[in-house]
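Here's the structure we're looking at; comments come further down.
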Amino acid sequence: MKALVKSRPKEGLWMEEVPVPEIGPNDVLIKVRKTAICGTDVHIWNWDEWASKTVPVPLVTGHEFVGTVADIGSAVTEYHVGQRVSGEGHIVCGHCRNCRAGRGHLCHNTLGVGVHRPGAFAEYIALPQHNVVAIPDNIPDEIAAIFDPLGNAVHTALSFDLVGEDVLVTGAGPIGIMGALVAQAVGARKVVITDINPDRLELARKLGVQHIVNAGEETLPDVMRQLGMTEGFDVGLEMSGAAPAFRDMIDAMNNGGKIAILGIAPTAFEIDWNKVIFKMLHLKGIYGREMFETWYKMIALVQTRLDLRDIITHRIKADDFREGFAAMRSGGSGKVVMSW
Ligand code: NAD
Ligand code: ZN
């Protein structure tokens, strides 16, 4: 089969012929229909320090996908050939304390699809039955293909009660924008998103985020004054991984405010911890998606109230992957979806 492979320890990915994955008794073989490119895939393309320490070569990359079941192992009971599915890209061990307690997202032995084991940028992917998620008929392929990052947004946004709250989202990448839309959909009062890239702010505007702030041109205290906010934000969703954004967020929070942090900073950075203490802020790191509560909630949100079509800015054929990665590396795109 055709697959996009990290076959050499240097910059780039290569479309190559590889064997169709074999399945064990508990696995599902999925014929991939559409995939999306994640920032993680761009790190793997760039072969930066993280990627070269983490990813075994050669490896089929990619983890955002939708497809149809092509074959099932002898012990698979929940899925049938022809069914449309996506899947959770974190494979958990099932035997550590957190897994045994039903908290798979906190597993100690998580393996990443397309990071540690063969991924979805291929004509077929094999996944344990436990990780497969059925996709309802009324959800289009291209939306199901971005459930992994949408799940990051939903997990982050729903970490704290948002009803009637004023919410600050730092970083208007695809995940920040989706997080802001989730906050609006579930009943937040004011939702403000910041970025320093005008293309990203324009995308947020196009998708209908309430208040758009160019953090390079306006300060949050000014924005809060314009919005009649006197006490600060109740909830912060950190989606940039940028130190200045996180510091500004801490300054803009109300006393007792809650911050969910998804953004991954390229290097460690300092914050003024005394502000966290005197404001009595709650900080919560977010990794991946809750298994599988996030999947249930995001499917319901997409079915009832979230229109995400415009977050996809590039629809391309898998053979044109270079174009897709160039769009991602430009920093101004929304999601890039590839058809296989
Ligand atoms: P992205 O890189 O597309 O978006 C980040 C945005 O932050 C960019 O638009 C950038 O211009 C903006 N930004 C940079 N400096 C800023 C500043 N000072 N103020 C405001 N915005 C600023 O990333 P994404 O795909 O949307 O993902 C969001 C973040 O979440 C990234 O840091 C990513 O690495 C991280 N992530 C974490 C997990 C997890 O499980 N924790 C999963 C997926 C992604
Ligand atoms: Zn575990």
Side-chain angles (χ1 to χ4, degrees), residues 36-44 48 50-51 63-64 88-112 115 128 130 146-157 159 168-181 192-204 207 209 212-220 223 236-249 251-252 260-267 269 284-291 294 311 313 327-336:
I37 304 176
C38 173
T40 301
D41 304 319
V42 177
H43 287 288
I44 296 173
D48 62 14
W50 168 83
H63 56 275
E64 303 180 0
E88 168 55 52
H90 286 173
I91 312 281
V92 299
C93 74
H95 57 73
C96 71
R97 177 183 172 180
N98 282 323
C99 278
R100 303 262 297 187
R103 299 184 293 258
H105 56 290
L106 299 174
C107 175
H108 271 273
N109 307 300
T110 305
L111 292 178
V115 175
H130 179 73
I146 61 168
F147 268 0
D148 176 293
L150 174 60
N152 294 137
V154 168
H155 184 185
T156 312
S159 286
L168 173 62
V169 184
T170 44
I175 301 182
I177 294 175
M178 292 191 286
L181 295 176
V192 174
I193 195 164
T194 70
D195 205 294
I196 50 174
N197 178 338
D199 294 340
R200 286 291 172 74
L201 294 167
E202 188 46 43
L203 191 61
L207 275 124
V209 180
I212 318 275
V213 173
N214 186 330
E217 293 173 357
E218 289 175 274
T219 69
L220 282 172
V223 170
L237 310 177
E238 206 310 291
M239 307 286 214
S240 74
F246 189 50
R247 294 191 191 107
D248 288 350
M249 177 178 270
D251 287 336
I261 310 162
L262 184 89
I264 299 171
T267 49
F269 64 87
K284 182 184 180 192
I286 306 289
Y287 181 52
R289 297 142 296 279
E290 281 192 15
M291 290 170 218
T294 301
I311 201 75
T313 53
M328 286 291 290
R329 294 172 91 201
S330 76
S333 73
K335 292 303 294 182
V336 175

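Order of listing sets the numbers, starting from 1, for every ligand and every atom in it.
Nearest protein heavy-atom contact of atom 40 (O) of ligand 1 is G288 N, 2.8 Å. At the shortest separation from atom 7 (O) of ligand 1 among protein heavy atoms lies S240 CB, 3.3 Å. For atom 39 (C) of ligand 1, the nearest non-hydrogen atom of the protein is L262 CD1, 3.5 Å. Counting protein heavy atoms only, atom 4 (O) of ligand 1 is closest to G173 CA, 3.4 Å. In this structure, the protein non-hydrogen atom closest to atom 17 (C) of ligand 1 is A245 CB, 3.7 Å. Remark: minimum distance from atom 16 (C) of ligand 1 to any protein heavy atom is reached at A242 CB, 3.7 Å.
In terms of N/O distances under 3.5 Å, ligand 1 is approached by R200. Considering backbone and side-chain atoms together, D195 places an N or O closer than 3.5 Å to an N or O of ligand 1. For ligand 1, one of its N or O atoms has an N or O atom of I264 under 3.5 Å away. For the pair P244 and ligand 1, the shortest N or O to N or O distance does not fall below 3.5 Å. Between M239 and ligand 1, no pair of N/O atoms sits closer than 3.5 Å. Taking only nitrogen or oxygen atoms, main chain and side chain alike, I175 reaches within less than 3.5 Å of ligand 1.
A heavy-atom distance below 4.5 Å is not found between the side chains of F147 and V154. Contact check for Y287 versus L106: no side-chain heavy atoms found under the 4.5 Å cut-off.
Annotation for ligand 1: atoms under 4.0 Å from non-hydrogen atoms of Y287 are 40 (O), 41 (N). Near G263, meaning under 4.0 Å from one of its heavy atoms, ligand 1 places the atoms 29 (C), 30 (O), 32 (O), 35 (C). Counting atoms of ligand 1 from 1 in the listed order, those under 4.0 Å from a heavy atom of I286 are 39 (C), 40 (O), 41 (N). For ligand 1, the atoms sitting less than 4.0 Å from at least one non-hydrogen atom of T194 are 20 (C), 21 (N), numbered in the order shown with element in parentheses.
Here the options are L181, V192, L203, the test is side-chain contact (heavy atoms from CB on, under 4.5 Å), and the partner is V209; only L181 passes.
Atom CG of L201 and atom CD1 of I177 lie 8.0 Å apart (nearest 0.5 Å).
Contact analysis puts P174 in contact with ligand 1, with a non-hydrogen atom separation below 4.0 angstrom.
Shown here is R103, whose CZ atom has more than 12 heavy atoms of other residues, nucleotides or ligands within 6.0 Å.
Of all protein N/O/S atoms, those under 2.8 Å from the Zn ion (ligand 2) are C93 SG, C96 SG, C99 SG, C107 SG, and waters are not counted.
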- Task: Could you please spell out the steps behind the side-chain contact (heavy atoms from CB on, under 4.5 Å) verdict for L237 and L262?
- Result: CA-CA 7 Å; L237 310 177; L262 184 89; over 6 Å; no
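Using a 4.0 Å cut-off between heavy atoms, N152 contacts ligand 1 through its side chain alone, with no backbone atom that close.
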